[in-house]
Enquirer: 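Following this message is one structure expressed as structure tokens.
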There are 2 protein chains.
Amino acid sequence: MSDGMERDVVAPRRRPVTLRDVAEDAGVSVATASKALNDQGRMTAETRTRIQEAARRLGFRPNGLAQSLLRRRSFTVGMLTNDTYGRFSLPVMAGISEALVDNGVSVFLCNVEDDPRLGQLHVDAMLEKRVDGIIATGKRLDRRLPIDLSKLGVPVIYAFTEPDADAIAFVSDDEGGARLAVEHLVRLGRRRIVHVTGPARFAVVHQRAAAYRAVLAEAGLAAPAVMMGSWTESWGREAADILFAPQGEKPDAIFCGNDQIARGVIDGLRERGIDVPGAVGVVGFDNWEIVATQSRPPLTTVDMNLVSLGREAGMTLLSLVDGKPVEPGIRKLPCRLVVRQSCGRPPDG
Amino acid sequence: MSDGMERDVVAPRRRPVTLRDVAEDAGVSVATASKALNDQGRMTAETRTRIQEAARRLGFRPNGLAQSLLRRRSFTVGMLTNDTYGRFSLPVMAGISEALVDNGVSVFLCNVEDDPRLGQLHVDAMLEKRVDGIIATGKRLDRRLPIDLSKLGVPVIYAFTEPDADAIAFVSDDEGGARLAVEHLVRLGRRRIVHVTGPARFAVVHQRAAAYRAVLAEAGLAAPAVMMGSWTESWGREAADILFAPQGEKPDAIFCGNDQIARGVIDGLRERGIDVPGAVGVVGFDNWEIVATQSRPPLTTVDMNLVSLGREAGMTLLSLVDGKPVEPGIRKLPCRLVVRQSCGRPPDG
DNA sequence: GCGTCAAGAGAAAAGGTTTTCTCAACGCCT
DNA sequence: AGGCGTTGAGAAAACCTTTTCTCTTGACGC
């Protein structure tokens, strides 16, 4: 073979073209080149287009590191999460990313797994990379991230996780969400509504239970004792067994603490030959589509609007980075009821 | 009130302490300070500790942007995915992160949603931020990302997604995984094994089906026609209905293309009063724990080892970044069978 | 014709770190 | 005493871009 082009095992790493290369190509100084490309400064139109043309031809791409160094702004934020499966943090991340991408801001995603060492490692890496801000997310509202973020010298926002004192946080309005669900059942004429939910150690369990009781009280209905268990389908099935044991009054609606429980309840009812929604209406929580749409019948459930929550968090972080003052405190964002077929149709529908 | 300390609405942004501050504090030049902190150069032990002490006291943290600019290495990689729910890309990401975090490398996660504009936006942002490399991930092996990554001048690795020509890719060994599943059923003495799987347009559907047929042929068993449908529980239930319609020979094992189908099959069988694993053994694919552990009985299924796959991808990217040559090509990583209770016990167990 | 002004472009500093080179001082050997 | 090697530390360049300041040149008004 001739000594012609050999195929490399890996694409050759060519030196990136710098502003200096562009300037030389166009026969001007780097200062002029910079101004030409940023539409700043004064120069003849001819000069400007000549420089821009050179940049285009050479494939010039400004070095963000140099820009960041100068602007003291990296256009980068870090996101911390302990939600391994991303069930909650991915929608939040999507919203954050949506809010930031048009400003050229990228997101470091770091899963810290409730491991303080790992958390410190990631936070240190972020800080050295001079992130403009940090967003802390969690899998549940009650579990704190394993690191103290309050003294970092960088804006921090909490999204869907328990904030430190005096922090800025966005969480879902769980009381409001529970209200939507229970009011929906009441409006459909259900009279004996029970609540099957997760473990008592979760704050949201109590928030939702309180709203459940409040709505029933307002409607003049009795509130049976809240049934707490795990966040699983099997607990849902077990709850259905308990509720429809031979003796005792049977409910005509079940408000579940998450979609998995609801799915378990629905499966349990079907196996007992109880019609959903005919005899019993069921509402879930989370709107986890993969569960909610595949249950039989498809599940009416509360959506926490996590994408909007993320978007809000992202936009607020941006304000903070721009130096605008933001009141600390917890902002509760409204939920939304997604009506499918597990409750029957609303009377006015 | 006196003009004492007022509480700020937001933590004050103090100027970060630089090497220069440390040097001044210790009464040396920045050059010396740098060497002291990096354990380089020569100086008296007293000088070195004095500088290190000053750095510690002042809370000095080197500016990664400046370091990156100099080293031409940002210690940052970008990850592109089109897997909105993170079902596949999050485990891959976990593996990547695991491989990189100890080298101080952080990961930009970008969801591009099959949108070329969004993809270009994110890729541009990455390139300007001078990522050391890019990892492309997809939700399925067959759907290509909506951008051409081959001419970026940056190392690119594909993980669990269809690579461009001459690229480096890590994918799961779907033939091998299917083999594990079917061989397991054969070993347990199942004789009529059917395969219920996803849509024909997926490459993996054909790969797994081929392995399924091969194993049956090797065992001298007949291979009924592969049943292709959607990746859903409802297709699994429908398939169960078809297979156990009154007439015709009934299978004694079902190999399913994913865990959701398997779950649908199991539910369908239970509703027909057919015992799993007594009468019929069922194997799934993906080891999606939330589905596999909550089905009744818990599902024996194929795990694609996505975390290891991510780890391999991350380590290979690191080699590439270090300039080590890597053969292009597709590497298939082995799967692993997770035995639960949907097939009965192996005879030797 | 001289002073004023604007336009167009470049020089230089800044941002924070690393690294190479230089320099001064000192001890030691012949 | 002169030369040499060693040790400790600093100066300066480099990385790449942006921005301010300065400078030159030509036009224009009086």
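No experiment lies behind these values; they were computed from the predicted model shown. Chain identifiers are assigned alphabetically (A, B, ...) following the order of the sequence lines, protein sequences preceding nucleic acid strands; residue numbering begins at 1 within each chain. FYI, side chains are in, hydrogens and waters are out, and symmetry mates aren't considered; it's all heavy atoms of this structure.
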Enquirer: Please report, rounded to the nearest Å, how far the C1' atom of D:dT19 is from the CG atom of A:Leu70.
Expert: 8 Å

Enquirer: Closest-nucleotide mapping onto DNA chain D: is B:Glu46 or A:Gln67 further toward the 5' terminus? I mean the 5' end.
Expert: B:Glu46

Enquirer: Rounded to whole angstrom units, what separation is found between the NZ atom of B:Lys129 and the C1' atom of D:dC15?
Expert: 19 Å

Enquirer: Cut-off 3.5 Å, side chains only: do B:Ser106 and A:Lys129 have a donor facing an acceptor?
Expert: yes

Enquirer: Provide, to the nearest angstrom, the distance between the CG atom belonging to A:Leu19 and the P atom belonging to C:dG10.
Expert: 12 Å

Enquirer: Scan A:Ile96, A:Val77, A:Val131 and name whichever one has a side chain to side chain contact (heavy atoms under 4.5 Å, CB included) with A:Val105.
Expert: A:Val77

Enquirer: Pick the nucleotide of DNA chain D nearest each of B:Arg72 and B:Arg48; which residue has the one closer to the 5' end?
Expert: B:Arg48

Enquirer: Look at A:Gln40 and D:dT19 and indicate whether a side-chain polar atom (N or O) is within less than 4.0 Å of OP1 or OP2.
Expert: yes

Enquirer: I'd like to know if A:Lys35 reaches the base of C:dG10 with its side chain, counting only an N/O donor and acceptor under 3.5 Å.
Expert: yes

Enquirer: Measure from CZ on B:Arg73 to P on C:dT18 and round the result to the nearest Å.
Expert: 15 Å

Enquirer: Among C:dT17, C:dT18, D:dT17, find the nucleotide with the atom closest to the side chain of B:Ser34.
Expert: C:dT18

Enquirer: Within this structure, what is the CZ-to-P distance between A:Arg42 and D:dG26, rounded to whole angstrom?
Expert: 18 Å

Enquirer: Base, sugar-phosphate, or nothing: which does B:Ser68 touch, judged by heavy atoms less than 4.0 Å apart?
Expert: nothing

Enquirer: Rounding to an integer number of Å, can you tell me how far B:Arg71 CZ sits from C:dG16 P?
Expert: 17 Å

Enquirer: What is the distance from CG of B:Leu69 to P of C:dG16, rounded to the nearest Å?
Expert: 12 Å

Enquirer: Tell me yes or no: between the side chains of A:Thr316 and A:Ser319, is some donor less than 3.5 Å from an acceptor?
Expert: no

Enquirer: Indicate whether any N or O donor in one side chain lies under 3.5 Å from an N or O acceptor in the other, for B:Asp124 and B:Gln120.
Expert: yes

Enquirer: OP1 or OP2 of C:dT18 sitting under 4.0 Å from any side-chain N/O of B:Asn38?
Expert: yes

Enquirer: Just the rounded figure in Å: distance from C1' of D:dC16 to CG of B:Leu65.
Expert: 12 Å

Enquirer: It should be established whether A:Thr47 places a side-chain nitrogen or oxygen under 4.0 Å from OP1 or OP2 of nucleotide C:dA9.
Expert: yes

Enquirer: Given D:dG10, is OP1 or OP2 found less than 4.0 Å from the side-chain N or O atoms of B:Thr32?
Expert: yes

Enquirer: Are a donor atom and an acceptor atom from the side chains of A:Asp148 and A:Ser150 found within less than 3.5 Å of each other?
Expert: yes

